[in-house]
Amino acid sequence: MSDMADPKATRPRPRLARGQARPTFLSPDLDRVVIMVTSLMAEVSALRDRLDTHEALAENGEVATRAAVEGFELDGDRQAAREARRDAMLNRMLRVLVEERDGDSANDPLQAAV
């Protein structure tokens with residue numbers, strides 16, 4: 001079999017460390033800050049959901065054990081409230097990027113919900 005039949009033999013695949021080939025949207029440094037802030041937003045959101053679960057258990061007169069928190073079943077109203085709170089946080093945190101991208105905050109559809 002010739003080398004032409006096997007594309008791997010003619011062109012070696014470039015070896016890159018994980019994350020090295022990420023696209024850049026703003027600048028490398030600003031992109032890293034956005035990634036960090038987004039990660040922190042996810043953590044804050046998860047903590048707020050757990051706090052909401054503790055509050056719901058307390059309202060029902062239950063003790064907030066690990067098992068009770070993990071096994072808590074959301075009702076529709078509480079789920080909708082959590083989603084609205086997440087959307088509001090995302091709108092507040094990402095408003096600057098959306099405004100910069102669009103160049104006009106007056107017509108920003110995200111701001112209509114805030």
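Since the structure is predicted, the reported quantities are computational estimates derived from the model, not experimental observations.
Using a 4.0 Å cut-off between charged side-chain N and carboxylate O, R95 and E99 make a salt bridge.
Connection of V44 to M36 is established within a shared hydrophobic cluster, with ILVMFWY side chains joined at heavy-atom distances below 4.5 Å, either directly or through further cluster members. Cluster annotation: L51 is not connected to V69 through the hydrophobic network of ILVMFWY side chains, with a link wherever side-chain heavy atoms come within less than 4.5 Å.
Not a single donor-acceptor pair under 3.5 Å links the side chain of S45 to the backbone N or O of M41.
In this structure, CD on E83 lies 7.5 Å from CG on D87, to the nearest 0.5 angstrom. Atom CG of residue L40 and atom CD1 of residue I35 lie 12.5 Å apart, to the nearest 0.5 angstrom.
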List the steps, then state whether salt bridge (charged side-chain N to carboxylate O under 4.0 Å, His left out) holds for R48 with E43. CA-CA 9 Å; R48 289 183 78 175; E43 293 296 324; over 6 Å; no

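Heavy-atom minimum distance, T38 versus V34: OG1-O, 2.7 Å.
A donor-acceptor contact under 3.5 angstrom links the side chains of T53 and R82, judged on distance only.
By the 4.5 Å heavy-atom criterion applied to side chains, D49 and R86 are counted as neighbours.
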Please list every donor-acceptor pair under 3.5 Å in which a side-chain atom of residues 57-65 meets a protein atom from a residue at least two apart or in another chain.
residue	atom	partner	partner atom	Å
E59	OE1	R78	NH2	3.1
N60	ND2	A56	O	3.3
T65	OG1	A68	N	3.1

